[in-house]
Structure formats: C-alpha cells, structure tokens
Amino acid sequence: MDALLTLWRDSGIFHMQSGQFFMILVGVGLLFLAIRKGFEPLLLVPIGFGGILANIPGAGLAMSSVENAIYFAKPAVMAAMAAALGVTYEDPAQLLEAYHAADAAAHVAAVQVATDNNYADGMLYVFYNVAIASGIAPLLIFMGVGAMTDFGPLLANPRTLFLGAAAQFGIFATVLGAVGLSALGVMDFSIKEAAAIGIIGGADGPTAIYVTSMLAPNLLGAIAVAAYSYMALVPLIQPPIMKALTTPEERKIKMVQLRQVSVREKIAFPIVLVVLVALVLPSAAPLLGMFCLGNLMRECGVVERLSDTAQNALINIVTIFLGLSVGSKLAADKFLDPKTLGILILGIVAFCIGTAAGVLMAKLMNKFSKMPINPLIGSAGVSAVPMAARVSNKVGLEANPQNFLLMHAMGPNVAGVIGSAVAAGVMISMVSGM
Amino acid sequence: MDALLTLWRDSGIFHMQSGQFFMILVGVGLLFLAIRKGFEPLLLVPIGFGGILANIPGAGLAMSSVENAIYFAKPAVMAAMAAALGVTYEDPAQLLEAYHAADAAAHVAAVQVATDNNYADGMLYVFYNVAIASGIAPLLIFMGVGAMTDFGPLLANPRTLFLGAAAQFGIFATVLGAVGLSALGVMDFSIKEAAAIGIIGGADGPTAIYVTSMLAPNLLGAIAVAAYSYMALVPLIQPPIMKALTTPEERKIKMVQLRQVSVREKIAFPIVLVVLVALVLPSAAPLLGMFCLGNLMRECGVVERLSDTAQNALINIVTIFLGLSVGSKLAADKFLDPKTLGILILGIVAFCIGTAAGVLMAKLMNKFSKMPINPLIGSAGVSAVPMAARVSNKVGLEANPQNFLLMHAMGPNVAGVIGSAVAAGVMISMVSGM
Amino acid sequence: MDALLTLWRDSGIFHMQSGQFFMILVGVGLLFLAIRKGFEPLLLVPIGFGGILANIPGAGLAMSSVENAIYFAKPAVMAAMAAALGVTYEDPAQLLEAYHAADAAAHVAAVQVATDNNYADGMLYVFYNVAIASGIAPLLIFMGVGAMTDFGPLLANPRTLFLGAAAQFGIFATVLGAVGLSALGVMDFSIKEAAAIGIIGGADGPTAIYVTSMLAPNLLGAIAVAAYSYMALVPLIQPPIMKALTTPEERKIKMVQLRQVSVREKIAFPIVLVVLVALVLPSAAPLLGMFCLGNLMRECGVVERLSDTAQNALINIVTIFLGLSVGSKLAADKFLDPKTLGILILGIVAFCIGTAAGVLMAKLMNKFSKMPINPLIGSAGVSAVPMAARVSNKVGLEANPQNFLLMHAMGPNVAGVIGSAVAAGVMISMVSGM
Amino acid sequence: MILNFEEFPEIWFHMRRQPHPAGQYFYSGDRQMQESIVQQGVDLMLFGMGTVFVFLTILVIATVIMSGLVGRFFPEAEKPAAPVAVAPGQVDARTRAIIKAAIDKHRAG
Amino acid sequence: MILNFEEFPEIWFHMRRQPHPAGQYFYSGDRQMQESIVQQGVDLMLFGMGTVFVFLTILVIATVIMSGLVGRFFPEAEKPAAPVAVAPGQVDARTRAIIKAAIDKHRAG
Amino acid sequence: MILNFEEFPEIWFHMRRQPHPAGQYFYSGDRQMQESIVQQGVDLMLFGMGTVFVFLTILVIATVIMSGLVGRFFPEAEKPAAPVAVAPGQVDARTRAIIKAAIDKHRAG
Ligand code: NA
Ligand code: NA
Ligand code: NA
C-alpha cells in the first residue's frame, strides 16, 4: 500500500500549484505563437515545450539534485542537508535559500547528501548547465550565425557600421530605465539585472542569452522570451517609428549601387576583427571570436565541410538544447514574478529606442556626408537579422516602388550584431566591477 | 628491463581470464547476428563491438579510475585508497566492494587518490556515464523516435490505444515471474531487478535502457541484448501465438478504412499528451516529454531543420555512444552471472505474454463494439515498431490475401510505445518507494 | 570611475605582452598557411584561430578558473587560494606553481575558491578538457578515419604491412634523438616528452594528439602544429629522400595487379585486428579499437547511417573542437619555449627517417621475395594518408609514365596508420612504467 | 525479548550462516522478506496495469475530444494530410512510402 | 560616531525595516545606494556607448585600410565574388537567392 | 658510507647546485640519470620497434589465414567489391572516384 501512496503522491494533480498550471498554459501559448503565428519557431518551439516540462509538478526536471531532495523533504535527508550546508533545519524554504547562498564547498557537500539519498539532477537542469551555464551553447550558435553571415554589404560600405553602433543606444537607454525604476522603487532590479534586461535591445538572441546567463540567470526565461518575441514582432514595432522620424522625401532617397567586394577582403575581415578585439576589447572575445571563426570558415573556402556542419548539424543540435534549457527557466517560481512584467515592458522600449537611434543616426550622417544614406536603413542597425533589413526594404518600397534597400540594409544589420556583441562585452566587463 | 616487464605485464594474454575470452566471443557472436542475420544492427553492432572492447584485459576501458587503480593493486595506492574509503586494506576485492558501497564523499576521496596516481576513467566508462547514467542518451533517442513517428493511424482510430495498453501485461507478468523465481530461491532478483527485467516486454529499446539504468544498471548488458535480440526475433516469436489464439475467421476480419486525419490534429496530439502526463503521471515525463517534443517538431511544420537533425545527425551520434556504453556492461564480471540466463528466459516469456494479451484484448473489444477489429493487430501493441505491425500484416495476408492490416496495426504499434513509457514511469515511481 | 578603470584595465593593449602579440602573429601565420597554401586547412584553421583566441590578454579563454583567479591576483582571493593549496602566499607565480603541483584534493579546494569568487574556466580550457584531456576527440576522429579507410589494397597484399612497420622507425629514432639532446644538455626533454615528440614521425594527426595529451600535454601545441605542417609538406620532404635511396631501375619496377578483395574479407579484417589487439597489445586498444569500429561500420553494410554520421557530422563537429583545443595550447607561456624549436627540428627529422626506413625496407623485401615491390611505395608507410601515397605515385610516374603506384601505395599507407597506433600503445604503456 | 542478537553477535552470525534442517521456514525474517517481494510484485502488477489502462483511457477520451474540437473550430481549408487509409491494391507501394522513415529508423531505438 | 549600528543591532534592524514618513530621503544609506545604482546606470551608458562607437570607428578605419591593402597588394585575378549591388527589377528573385541561408538560419540564433 | 647526504642536507644542496670543473663526470647521481634517460630511449626503441614488427607480423599471418578461411568457407556468390587493381590508362579518373572520400577526409584527422 505504501507503493500506492507513493504513486498517488507522485501524481501531477496532487501536487499541481496554480502557478505551475498557469505556466503550462504559457508554454502552450508560446507553442501557439511559434507554430501558428510564426514567432521565431526554431527557438520558441523548444522553449515553450521546455516550459511545459519544467512545470510538471513532482517531476523536478528543471531542478538540481539538491532542490529535488529538498522538494520531497524527508526528515532524515533534511537533517543531513542542513548539516552539509552548516545551518539548523527549520523548513525546506530556508534550506533552499541556504543552498542557493552556499559557497562551493558547502554546495559540494549538499550534492553529496542528495546523491547518497538517490536524488538526481533533472534532465532540463543538466541541459541548462551543460549548454548555457557554461556559455557554450550561445557561443556555438554565434559561430553558426557567423558561418551564415555575408559581410559583403558591410565591406562595400563600412560607414554603415555607425548605424549598427547607434542602434545599440536602445540597450543602454533601457539599462537606465531599469535602474530608474529601481531608484523610484517601482521595481527592484540590481545593476546586473538592469544590464541583462538592456541587452534585449540588442535584438540578438544568442547575445542576450549569453549576457543574461552571466549576469542574471534568474531572469533568463523572461529575457529570452521577450528577446525572441520582439524579434518576431519587428515588422509591427519598427515601421511606425521609422515613418514618424522621417519625411517622405528622406524615405525616397536612392542609394548608390554597392561596389563589388573581393573574396580576399571577406577572408581578411574576420581576422582583422578578431585581432582588433584582442587589442581593444578582450571582454567581447568569446562572442566575437566565435562569430569570426564561423565567418572565416565560411569565407576561406578550404574548410567547407566544417562550415557546413557549423551551419547545420551543429547549430541545430545546439538549438534544441538551448531552447529546452531556456525553457527550464520558465518554472513558475522563477517566471511568475513582477520583474517579468517589467522585463516585457522594458524590452519593447529597448527595441523602439534602438530603432529610433538608428534612424536618427542615419539622418545625422546625411548632414556630414555627400554620399546619401536612406535613413530607413538605420533601423536595421538593431540586428534582428534579416527581419529588420526586410522591414527597411518594405517601408522603402512603400515610399518609392523602385527603391530596393534590402542589400543596403544588410550592412547596418550585420553591423548591429557586432555592435551588440561589443556592448555585451562592455557590460559584462563593467558590471562585474560594480 | 622494468619497461620490458611492464610491457609484458600489460600484454593481453598475460592477463586474459577465461571469462573475458568468452565474452569477446560473445561480442563477435553479436556482430555476426547483427551483420549476417540483420538483428537490429544499428544497436547490436556498437553493442557487440563495445562488448569486445570492454573485455580487453588490462585496458580497463569499461572501468572507472578507482577500479583501474584497484586492478593494478600497487601497495602504496591501495593503502591510500583504503584510507580514503575508510576501511582497512585486506585485498583488492574487498576494496572494490567498499568502493561500490561508498557514500558520495568517500567516492570523491577515492577518485582523488586514483587521479593523484595517474589512473583515469576508461573510455567506455566515460561514455556510459555521459550517455546512459545521466539518462540523456535514451531520452534523445526517444526524441528522435518521436520525430519519426506518424500518429495518424492512431488518431484515426484511438480505440487501438487499448491494444497498446493490454500488451503491456507482458511487462508486469514478467515482473511477477521474476519475483516468483526469487521467492522460490531459483534466482535472486530484487524487486528493482525484477522491474527492469519486466520492461523487456515493452519491446522498446530506449525505454528498456532508461528503466534499467535507473533501477538495475548491473543488468543493463543482458537486458539490452535481450530486448534488441527479441525485437529482431518478433517475426519468429509472434506468429505461432497469434495463430493459436485466433480462428481463421477472426484472422480474415476486414477493418473499415481509416478516416483522414488533419495536420492540426497531429500537431495538437503531442501537446495534449504531454499535458496529460503533467497532470496525471509526472514520473513518465522524461520519456513521454521527449517523445512528444520530437513528434511536435515533426508535425508542426515550422522547425523542419530541427526535426531533420533529431531524426538523423543527433540520433545517429547518440546511437553510437549508446551502443558502446551498453557494450561496456558486457564486461565478463558483470555479464557472466546466472542472472543473465534468467533474464534471457524471462525476456522471451515477456514478449510472448505481451503478444497474447494484445490479441486477447482485441478479441474482447470485438465483443463490446460493433466496429470490427482484426485480433491480429493486437499483437502489434507490444511495440517493436514497425516489425510487429508488419508481422500482423503478414499473418493477415496468409489468412486473406486481400486484407492489408499494416496501417491498422500501426495504431496499436505506436500505442505500445506510449503504453510501455507509461509502464516505465509507474515502475520507476513505485519501485523507488519499495 | 571604478568601472572605467575596470574597463581600461580589461583592455587588451594594457595587458598585451610581447609574447602574446607574437603568438597572435603566429596564429595569423598558421591561418595564412592553411588558407593560402592549403596546409591541412581542416585542422590548421581552427588551430590557428584558437591560437589567436588563446593569446587575447585578460580574456583568459585558455585558462582554468584558478589560473584566471591568480591572473587577477586580488589579495583576498590570493590568501584564500594559498590556504586551499596549503602554501603561504608570496606571489602569483608561486601560487600558480603550487596549483599545478597540487594533488587532487587541493586542486578541488582551489577550484572552489575560484568559483566562490566568480572566476570561471575559459571557453577553450573547457573545450580542451572535454575534447582532448579526456582522450575522446582524437578517438572519435580515429573512428571517423576508420570509416573512411578502405583496407582493400592492404588485404590484397598483406606484406605491405611490413612497410608500414618499418616506417615507424622514424618515431623511435627521434625519441633517441630527443633523449640524446637531453643527455648532451642541449635540451631538457623528459622521456615522456621525447616519446611525444617521436610520435610526430607517425605522420598521423589524431595519434600524435592522443599520445601527447597523455604524456606531455604542455607540448601539445608545438607537436600538433609540427605534425600537421609536416604532413602538408610531405610532397616537398619525401621525394629527395626517395630518389636518393633508389636507382632509376628500382623506381621503374612494375608491380603485379592487385587481386580482388571480397566484402566478407573486408568485414572480417577489423574484427580480426581488434581481437589481436585484445590478445597481444591492450595498450593500443583505445586507438585501434575505435579505428576498427569505424571501419567495421563502413564495411558491414547494415549501419550506413552510423557510418555516414561518423564520416561527416560527427567528425566535423569533433574537428572544430579539437582544433580550438589544440589552439589553446598555443598560449604564449606554453609555446614560446626553446623546446618548441627542438620539436620543430626533431619532427622533420622524424619524417625523413621514417621515409627512408620505409624505402629501405621495401628494398630489403625485394631481396627475399620474388614478387617485386617498387621501393617508392615504402615511403607511404609513414601514413600521412593519402598524401604520401600520392607522392609515391607521382615519383613513380616521373620514372615511368606508365607505372601507376597509387593503389599499391595505399596498402603501406593504411598500414602506417596501424603501425603508428601500435607504436603509440607501446610508448604509452612503456613510458608510464619508466 | 531475551535473546538480543545485538549482544550475541557470534551466535547471530552462526545462526545466519549455518544451514538448518527446517530451512527457509525457520527464519521468520527471511520468510517475511520473501512474502514481501512477491507482494511487491503483485502490487506492481495491479497498480501498474491499472495505471496504464487508466492513463490510456483518459488519453482515448482526450484524443476524441481534441479531434472533435479541432474538426469543429479549426477545420482545415487546405487539403488534409496524406491519407492514412489505404486501398488494397496499392498498399505495398504506398505504405513503403509512408512509413519508410519509421521502418529503418525506429530500429535505431 | 556614537551611534554604532554594529553594537545596536536591534535598533538598526528596526530602522531599516520600519517605514518612515520621510521615506526614501531619510536613510542616507539607502539613498546612497539608489544614487549609486542610477550613477552606475549612467556610467554604463556613457562608457558603454562610448566603447561601442570607439570600437566600431576603429573597425571602420581598419576595414577601409584592409580593403585598400587587399585591393592594392592582393588583387584577385579571378572574377570577384557574387556582386553585392543589385539592379532594381531583379531584387526579389536575387536577394532571396543571396540571403536565403541567412533568412531561415539566423533565426536559429 | 660515512658521508650521509641525508644528514648533511646543506652540503648536499651545495654540491648539486655548484658547477664543478669536472662537470658531468663528477656527480655519479647526475651521470646515472643521464645514462638512464638514454638507456630508456634505447629500451623504447628496441622494444617499441620490436613490438611493432611482431604485432604487424602476427597481423600479416592472421590476415592471410582470415582471407584463406573466408575464401574457402564463405565465398561470395554475388560479385565482389569494387576491383582494387587498376589498368594504367584509367587510373587518374578511377582512383579519384575510389579514394575521393579518403583524400579530403582523412586530412580531417
Ligand atoms: Na544588435
Ligand atoms: Na511497448
Ligand atoms: Na604512421
């Protein structure tokens, strides 16, 4: 009969908390957005599904062995755990807190207690640690993205790098907004959390996940969902801002045809970039290093099989694990927090400010240069490759059906990827010192 | 000259025990079955080869660093190891026993001693821990299987789920048989071992490996070999039982044509299934969750590159490691045990009982329903996808050359996969409480 | 302002040491050789790029968490680290030395101190540990190479195995040279380092990396670069030696046409080889075992999807990580050492001696056999598959435009792979006992 | 109880190790354990098969409801997925096409 | 300072936890922290945007120099890579071909 | 021996560190170590090459036996694998087809 009780106590309904049920609905909603509405399905399908799995009560898929041990709260185990953590046992919540605050040695001791009592890390917890906590998965995806990126339009018109720089203003303005909310007492974001929220404005999924996993892993679920959702919403978010900040004449500006870029320039560019990173900004080395490696493999022409694998088998495998790992942070106790609402609001503000900054920078550059720039391509500086460049093209065609801006917009678009990787490096470096 | 002695002492013949030599022959035999007889070659080729590697004397490929240290039994190392394990050193066998019984802290200390003395984990031991002990490899294979599974026939005729349920009787009857043998003193299976043996009757490789790695890892070699061998033998095992339990008239029953199933039903099904698992049976969440994720990726139509990777590169990579890891459990000291014989006998009994239960359930359903079911498709409920469905079709064609049962049998066939995953969840949950 | 200081102190130029700058140039040079000159680009592109990343000052990509903590040398951290390592703190260099000499328990304690202070393992350090220190990556590549190898020419003329054996003389002669330099006081190689250097003469990349990672990981960068560079230079290194040791008449020898080899022989060969390894030379089991597994998957014809994955997705993924990991050993403090020069010189000597030994062995065999062997195929015994076989063919065509030696040279060529794996096993086994 | 095994370890050891004519019936402890494992097996069977049937019954109901809801509220304008039903004469050719993937690949599991 | 919080933990605790009419302005400690986080945010913005612009400016310069050097010293004899510029009428067809990989794939990131 | 280094660590230390006119011949300890490493190298060469030749000789014998057994007891009814031998004129075309995989791929190793 003990076995029957075990089975019943293990059943989902017995344990289901309203938060978990709500988060399962959120997971189903993300799947709906991904499948029916086409919101970044490659990421949101595994994220949404991972969110459902993470909220299955009693399964503990997103929990570490110690958290699982504390969840079931057997008295003997609790006593041993408390001893390992060097606290006196009052209730599971307090043990959990002690565990999260523990130094490495106490952490190891607690894991040993959990192991001795046959508690194991949940599947999603393992995926999270291997894929994200290590930083590996976002970096490998960045390598694959590098292998898919053509820097030709950027090399043909390097000035567009300034547009990619300006659009990063969305990141830092949002950081300021987040700390402002904290100062006003509306929210309670630390500077690290503010930095992680700001990176949503980089409009670049792997960069956002990388930074967040370093600075504020507790917010990873909300930030990743916001980043990918808003990237999917770029065709709705950007056009009103672009039109509000430009005159019809500006939108009709025709740009001069791009020059042809030689293969050797394309080969040299990632090497030049990584050497500059080495000399000037080591904190951006992991992200930009892997990005440049991917791009070099693409362009050098002698390692096609590696480039092909980086763009296909490897990035696909990593994407599945990355998505499930992000989904593990959609566990109710982590996601259902007032901060999530703040993140969703600040994230869209970041996109809007970045878009505006890119457009305004293009207008500013037009004042100082005789080579005309259509300000609509400025909005592509937020990255969101290649969606933002397509939006620039589409809005441009509305103003002048003969004006094709797509290739011109690809320059600031990939510049935005570099820009937000630089911003990520700066923030990780500076915030660690705060 | 010391070096020469080292070389000679390292040579295989010097160390070869008869058990290891026998197991190498067993490995060659498995390769023969796989290559010449076509027994599930995708698994049995790496398993058989891994079995050969695991039995190379002195190479220690399937042994942990501590086991390797104890194998070579240098006095100074033994003394340190005994201190780390908190025992007094008598002989290597006793140290080995203390190591296997050690708690996590002593385990860590022993590993440190082995590391300090330059003993390393064997290659297969590493594979086993990463791939199987973590549970990851069977789950990834289940995801790939989900991405290859078409639930169309099941959705067109959901009643066939009952056939998939009934066939799981083979699992539990075998558990009863195993504990009966223990009670009679013929064998000495624990309840955990009995449960792991029973799962052979699930006729589903990754489920069997997953359950066994959790409940009775020492039996993994024998159980995996039995499971895959009997799956390959389904065309020999099932027909006599099917014919014995049915009349020629029953075998001639024609089933009504299946209705067309819409894409949206196929998309909704894995989501419905995983939500039900969350509500009712969390202990089956890892297996069925990954299965549903794979199937959702297949059906949703927006993540084809992930689905393709799950069905090809990823499942192939994992299969290689899974096979080698299972092979590591074919080491002579683990496989050459009277229990192995018991497992081989009980395993085939499980297949037979499952087949019979499926056929009888179909006959029972015919008594309560006016929509006729050909009882031959009941045997497909054991899973063994798609071999069992083909057997149903073949036996049906013998009775009536115009009666094509294949698609009808695919319903219970995939239902059997769900059924044995449910049974696996129940057993893991209940047996842990015993 | 502290943050600004942090940023400046983090900048690359602030920290750049001349050695690091030089090594970045070396990395760029390797990329040039790989891309422009076609030097083994599949490996040298990731190795060269990894070398650049490893030398980015302050990024610590190739350093462990403890090394990173010591690099930044905060007083409180240093004190805790010294306590963990059981030494008194004098300066970072001394702590680093204590860390490298620490036993496993002190090592764990030091890692805990670094973790508590938010220092993490660098990306390349993680790759190195997972891919190379574990031995996994070279073994998986060897499996892939096995899946790409056709033993047909070897089976048609098994005598060519002797040529593959003779060419391994380059390995052992170089070991002798290295210990001679040590004895003379010119260099300071240990016997382990000498063995690792010798294996360059095996002309087989994964074997060289595997042996070096076991015996002398500090030399891995130089040895891998030497091995792959000289393999690329085989068309320049070998012909003069081959011509010097043969008469024009010998070079014109026509060899009898190879017999047809049945599929079953090809299937049986890897099984025979692995069983022989098990009986005679367990220390070569990991390398030759994985090689035979790959070849068996290729030839058996029933696991094509596994064979295909081993030859493509898996080997490509592993190659990327292997290359970056080797690159991590191009960090200035490890590479800029007089030993590197010694390695480069000894490595080319090894290639030359191996080539000569192969040619001379072929001439010797001609004295004892009536079936003529063109001595030019002896040089292919060094491996460097398939470059060395092509060189044999090309030099042969110069002597007699009707004499096609390519397929005849493939026999000793793959024999050389087996030969150097055997040599690797012997060296690992013997040197560990010295 | 007077006979305290804890205090008489040697006797205890002797009793456990020495075979006894009454064999397995003599030691209630062992006997209990044997009953227990059979009882555990029976429990496992009853509750295991019960759970399998209950869960799959719920799944049948949920599937039928789901198909009904999808059919009513989300009917597909486009043509449905590849038909599942088969006409006799075409089976061999068609089924090979439909389950081709499954045939070779599920075996990987 | 006479009021040593370390020695009067209960008072300290009380002051921190009790709300006070003067609210956030009363506690210099809290106030400092708030100033501090805003200040940190401003620092981050100024130096962050500064670094982004400085780095990308250097990159523009380096790219121009690089393109010049390559053009002068390593001109390509063979024909150049696929032209980047596009004629109006062909855009839709051509760009789909050119950025096809990027379109689906960068989304994976 | 009267001069016990263990008891005179300072002297011992001094002797090891100070250079001496007679150099490497004076200190039997160092000399022994040098002989030792050369000796180890010679051992490695002799036994290493010996093992390589012995193993490959056994492999030649085993291969010949294996080929004989396969040819006698398992002759292939179907036509044999792609012929290994080559006619002169066709080599370039054919060999490229045969070893295409190996050529690019083994390089990966
Ligand atoms: Na960006
Ligand atoms: Na089943
Ligand atoms: Na070789």
Side-chain angles (χ1 to χ4, degrees), chain C residues 40 42 141-142 144-145 148-150 152-153 155-156 158-159 161-162 164-165 168-169 172-173 175-176 179-180 182-183 191 194-195 204-206 257-258 260-266 268-269 272-273 276 280-281 311 315 319 385-386 402 404 406-407 410 418-419 422-423 426-427 430-431 434, chain F residues 24 33-67 69-71 74-76 78-92 94-95 98-99 101-109:
Chain C
E40 300 282 343
L42 289 174
I141 289 189
F142 229 56
V145 170
M148 293 173 198
T149 298
D150 178 6
L155 291 172
R159 286 186 313 151
L161 278 164
F162 291 121
Q168 309 316 316
F169 187 70
F172 296 101
V175 173
L176 215 57
V179 300
S182 288
I191 185 69
D204 196 73
Q257 197 173 312
L258 292 173
Q260 290 187 331
V261 174
S262 77
V263 172
R264 289 174 185 177
E265 282 175 81
K266 289 186 178 181
F269 181 72
V272 167
L273 178 51
L276 274 188
V280 180
L281 199 68
Q311 291 177 51
I315 202 173
T319 299
V385 182
Q402 297 303 313
F404 295 88
L406 187 61
M407 291 318 293
M410 288 306 288
I418 298 174
V422 171
V426 174
M427 295 215 295
M430 282 186 73
V431 167
M434 280 175 176
Chain F
Q24 50 190 315
M33 207 199 71
Q34 283 168 11
E35 278 186 355
S36 172
I37 198 173
V38 170
Q39 187 59 44
Q40 285 174 330
V42 171
D43 279 8
L44 203 52
M45 177 181 231
L46 294 179
F47 303 131
M49 278 310 286
T51 307
V52 170
F53 265 105
V54 168
F55 185 84
L56 293 195
T57 303
I58 296 174
L59 184 58
V60 169
I61 297 167
T63 303
V64 170
I65 294 173
M66 179 273 289
S67 288
L69 292 177
V70 169
F74 305 98
E76 280 175 335
E78 69 264 68
K79 64 177 182 292
V84 175
V86 287
Q90 306 168 323
V91 166
D92 255 18
R94 168 178 295 200
T95 53
I98 294 177
I99 62 160
I103 283 172
D104 292 317
K105 293 176 181 178
H106 182 74
R107 306 281 86 190

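Letters A, B, ... mirror the listed sequences (proteins, then strands); counts begin at 1. Values below: all heavy atoms of this structure, side chains included; hydrogens, waters and symmetry mates excluded.
Residues F172(C) and V52(F) meet the side-chain proximity criterion, which asks for heavy atoms closer than 4.5 Å. A heavy-atom distance below 4.5 Å is not found between the side chains of F74(F) and V263(C). Between V426(C) and F47(F), every side-chain heavy-atom pair lies at or beyond the 4.5 Å cut-off.
Only the side chain of M66(F) has a heavy atom closer than 4.5 Å to any heavy atom of chain C. Interface remark: A423(C) contributes backbone and side-chain atoms alike to the contact with chain F (heavy atom separation under 4.5 Å).
Closest heavy-atom contact between V179(C) and G41(F): CG2-CA, 4.1 Å. In plain terms, the two heavy atoms of D43(F) and M430(C) that are nearest each other are O-CE, 3.9 Å. Taking all atoms of both residues into account, the shortest heavy-atom contact from S67(F) to E265(C) is OG-OE1, 2.6 Å. Minimum heavy-atom separation, F53(F) to F162(C): CE2-O, 4.1 Å. Nearest heavy atom pair, residue G164(C) against residue L56(F), reads C-CD1, 4.3 Å.
Ranked by heavy-atom pairs under 4.5 Å with chain C, the first of V42(F), V64(F), T57(F), L46(F) is T57(F). Between chain C and the options T63(F), I61(F), L59(F), heavy-atom pairs under 4.5 Å are most frequent for L59(F). Considering only heavy-atom pairs separated by less than 4.5 Å from chain F, the leading option among V175(C), V272(C), I418(C), L176(C) is L176(C).
Remark: F55(F) CZ to L161(C) CG distance equals 9.5 Å, nearest 0.5 Å.
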